[in-house]
Amino acid sequence: MEQRRDDDRRGPRPYRQRHRTADSPLDFASGPTPAGPAPFSPAPVGLVAVRPQQPTLPPVEAPRHRPGTGRRPVGGSTHIGTPVRVLDRRKGWEQRYLLTLLGTDLLVGAAAGLLAFILRFGPQVTPFTRTYVLLSSLLPFALMASLALTRAYDRRFLYVGTQEYDRVLRGGLWVIATVAVGSYAFELPTARSYVLIALPAATGTLVVTRFLIRKRLHRRRERGECLRRVVVVGHELAIIGLARQLGRERFHGLEVVGACVPRGSDGRIGLPVYGTFDDVAAAVRAAGADTVIVLSCPELDGHALRRMAWQLERDEIDLIVASALVDVAGDRTTIRPVDGLPMLHVEHPRLSGGSRVVKELMDRTGAALLLVAFAPLLLVTAMALRMDSPGPALFRQVRVGRDGREFVIFKFRTMYTDAEARLAELRHLNEHDGVLFKIRDDPRVTAMGKWMRRYSLDELPQLINVLLGQMSLVGPRPPLPVEVAAYADDVRRRLAVKPGMTGLWQVSGRSDLPWEEAVRLDLRYVENWSMSMDLLILLRTLTAVVRSSGAY
């Protein structure tokens with residue numbers, strides 16, 4: 001008994017668990033063993049279970065709670081195996097990802113310089129063009145240096161989010177400004193056409209290639225690769241909510257493998273529970289984790305977080321503190337010290353100003369160019385619709401725009417002309433959980449209409465609304481007046497900006513999304529809008545249209 005008290009004073013010991021086989025009982029301890037990975041527990045409803053990359057131990061009984069030891073009961077069967085070298089594995093794929101970015105940036109810079117040289121001077125090298133040969137050879141390294149200065153290779157801005165694209169655009173602008181100022185200051189006879197071809201082409205191509213590299217990473221994460229193993233610290237409901245969101249949005253690359261809960265909690269969260277807030281460092285080793293996410297809870301003050309960071313820094317474990325602010329982007333938050341205390345300042349969303357004027361110009365210019373480019377497709381589609389079923393090719397409907405102003409939206413007709421009259425008899429078949437009315441196999445949709453909806457061709461006439469200033473290329477979904485009448489007060493925030501042809505709702509699943517998730521995405525866009533976010537959504541729209549998920 002005295003020996004047991006000494007052990008308890010030394011701190012929490014690994015759970016001792018027992019697994020019974022058909023032949024004889026066999027005990028497993030949570031300390032180092034010859035082989036065996038970190039535990040993996042089936043996810044509850046709403047979570048996506050990912051097959052671990054190493055074989056797991058068979059399931060075992062939940063450990064018994066020993067009063068006074070600080071150990072908590074586990075909410076479900078789990079097992080604790082030997083910690084794996086997850087840090088080495090994570091650093092391996094991160095280094096390969098960074099090398100891919102470096103190599104791609106070099107190739108893009110070289111290709112842009114070669115393209116500009118050929119278009120401006122032709123393939124022949126003359127004594128006059130030797131200077132531009134040198135400039136073309138130096139362009140890739142100048143771009144890489146500028147991207148490094150703008151921290152476009154910092155892993156905090158890679159993998160997800162729009163800050164990577166912001167920094168790439170900023171790096172390209174720095175190169176353009178440096179060349180322009182340097183040519184003027186030193187009176188260098190630099191051909192302006194060469195600069196106007198090479199640098200914008202390189203910057204735009206860098207954004208596209210980085211998007212493609214990131215999409216490749218996201219596909220690997222959907223397959224359970226390149227994931228960070230996360231231990232979440234917080235209260236049960238908050239842990240369940242975070243785990244569901246991360247399980248739904250796998251592209252973030254965070255896989256919840258365990259949790260630490262407060263003392264007195266029952267630990268029934270459908271995840272392995274490794275102890276209390278005092279056991280985080282031991283939980284990381286037992287779970288084979290490389291990241292800790294601390295949720296907002298009153299038990300963890302500044303001193304507790306500092307001690308936790310000291311324990312984790314020796315093993316280079318990432319510590320993430322989740323803010324209580326929901327859907328507030330990082331560029332709207334700034335930490336400013338006030339008398340030694342870090343204060344988190346939150347800026348108001350940018351609903352007006354110079355950047356909105358730029359967005360307006362880009363919308364109308366882009367809509368005009370796209371209308372010209374798609375004119376043959378629009379004409380052929382209109383003729384095919386008239387031949388497929390009786391009725392007009394264009395469908396007009398009243399929608400609600402910015403600040404509640406109504407306008408007439410233009411779309412290609414995808415339903416029979418009596419669709420509105422038949423709505424009442426189909427209302428009970430609604431498959432959506434909100435104010436929207438959606439049926440996966442709607443009998444009112446024509447044969448050609450199903451094909452058009454699959455690839456979003458019915459929405460191309462909305463370019464006319466964008467050109468008229470009633471809509472934007474990117475924004476929240478344009479709602480019907482009857483839907484707006486059923487909005488709650490916070491949902492009406494969607495009307496603070498113009499509706500868009502595409503948006504976060506479309507690139508995240510469209511009609512497959514539940515109503516609350518669609519509203520959350522639209523509000524996130526309204527609160528955190530930026531030009532780089534619009535660019536990212538437009539790029540993701542291309543893949544969403546090809547994938548055609550949620551389009552019906």
Side-chain angles (χ1 to χ4, degrees), residues 94-155 157-159 161-217 358 361-362 365-366 369 373 530-532 534-536 538-540 542-543:
E94 286 182 350
Q95 290 175 356
R96 290 191 296 271
Y97 189 90
L98 182 58
L99 290 175
T100 302
L101 290 182
L102 292 172
T104 305
D105 292 347
L106 279 174
L107 290 176
V108 168
L114 180 61
L115 175 65
F117 182 87
I118 293 176
L119 292 179
R120 176 61 178 83
F121 306 107
Q124 299 298 326
V125 178
T126 64
F128 173 75
T129 60
R130 287 176 183 172
T131 303
Y132 293 95
V133 173
L134 178 61
L135 288 177
S136 298
S137 61
L138 293 178
L139 179 60
F141 303 100
L143 279 174
M144 287 186 59
S146 180
L147 294 177
L149 290 176
T150 57
R151 303 173 69 184
Y153 298 110
D154 195 326
R155 70 184 183 95
F157 309 124
L158 302 177
Y159 317 131
T162 61
Q163 292 197 44
E164 178 184 359
Y165 306 111
D166 285 336
R167 295 175 184 279
V168 170
L169 293 173
R170 198 178 306 167
L173 291 176
W174 270 111
V175 175
I176 296 174
T178 302
V179 172
V181 173
S183 299
Y184 177 78
F186 296 101
E187 299 182 354
L188 300 176
T190 306
R192 283 172 287 188
S193 58
Y194 173 86
V195 177
L196 292 177
I197 293 174
L199 298 182
T203 303
T205 308
L206 283 175
V207 173
V208 174
T209 54
R210 285 187 173 235
F211 171 78
L212 296 176
I213 294 173
R214 178 183 289 191
K215 290 297 293 183
R216 179 173 176 268
L217 173 65
V358 175
L361 293 174
M362 293 186 62
T365 303
L369 296 176
S530 66
M531 293 300 299
S532 58
D534 277 4
L535 178 61
L536 178 60
L538 289 173
L539 291 173
R540 290 179 62 186
L542 299 177
T543 59

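Heavy atoms only: backbone and side chains are in, while hydrogens, waters and symmetry mates are out.
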Fill in: Under 3.5 Å: donor-acceptor pair, side chain of Thr365, backbone of Leu361
yes

Fill in: Atom pair CG (Asp105) and OG1 (Thr209), whose distance is rounded to the nearest 0.5 Å
6.0 Å

Worksheet entry | Interatomic spacing from OG1 in Thr150 to CG in Asp166 - rounded to 0.5 Å | 10.5 Å

Item to complete: In plain terms, say whether Asp154 and Arg167 are close enough for a salt bridge, that is, a side-chain N and a carboxylate O under 4.0 Å apart.
Response: no

Worksheet entry | Side-chain heavy-atom pair Leu217, Tyr159 within 4.5 angstrom cut-off | yes

Worksheet item: To the nearest 0.5 Å, what is the distance between CE (Met144) and CG (Leu206)?
Response: 10.5 Å

Response to the item:
Closest non-hydrogen contact found for Val168 with Ala152 is CG2-CB, 4.3 Å

Worksheet item: Between Phe157 and Arg170, is there a cation-pi geometry (under 6.0 Å to ring centre, at most 45° from the normal)?
Response: no

Worksheet item: Within a strict 4.5 Å, meaning less than it, do heavy atoms of the Leu139 and Leu199 side chains meet?
Response: yes

Practice prompt. Find the distance between OG (Ser136) and CG (Leu134) and round it off to the nearest 0.5 Å.
Written response: 8.5 Å

Fill in: Check against side chain to side chain contact (heavy atoms under 4.5 Å, CB included), Leu102 and Tyr153
CA-CA 9 Å; Leu102 292 172; Tyr153 298 110; 3.5 Å; yes

Worksheet item: Looking at Gly109 and Pro140, what are the two nearest heavy atoms and their distance?
Response: C-CG, 3.6 Å

Worksheet item: Going by heavy atoms in the side chains, are Tyr165 and Arg214 under 4.5 Å from each other?
Response: yes

Worksheet item: Are any non-hydrogen side-chain atoms of Leu147 and Arg210 less than 4.5 angstrom apart?
Response: yes

Discussion item. Can you give me the closest heavy-atom contact between Ser146 and Val175, atom names plus distance?
Written reply: CB-CG2, 3.4 Å

Worksheet item: Hey, are the side chains of Phe141 and Leu106 touching, using non-hydrogen atoms and a 4.5 Å cut-off?
Response: yes

Item to complete: Using a 4.5 Å cut-off on heavy atoms from C-beta on, say whether the side chain of Tyr97 contacts that of Leu101.
Response: yes

Fill in: Student check: side-chain heavy atoms of Phe211 and Leu535 closer than 4.5 Å
no

Worksheet entry | Distance (rounded to the nearest 0.5 Å) between Leu107 CG and Thr205 OG1 | 12.0 Å

Discussion item. In the structure I gave you, are the side-chain heavy atoms of Thr162 and Ser530 within less than 4.5 Å of one another anywhere?
Written reply: yes

Item to complete: Give a yes or no on this: more than 12 heavy atoms of other residues, nucleotides or ligands lie within 6.0 Å of atom CE of Met531.
Response: yes

Fill in: Rounded distance [0.5 Å steps], CD in Gln95 versus OG1 in Thr100
11.5 Å

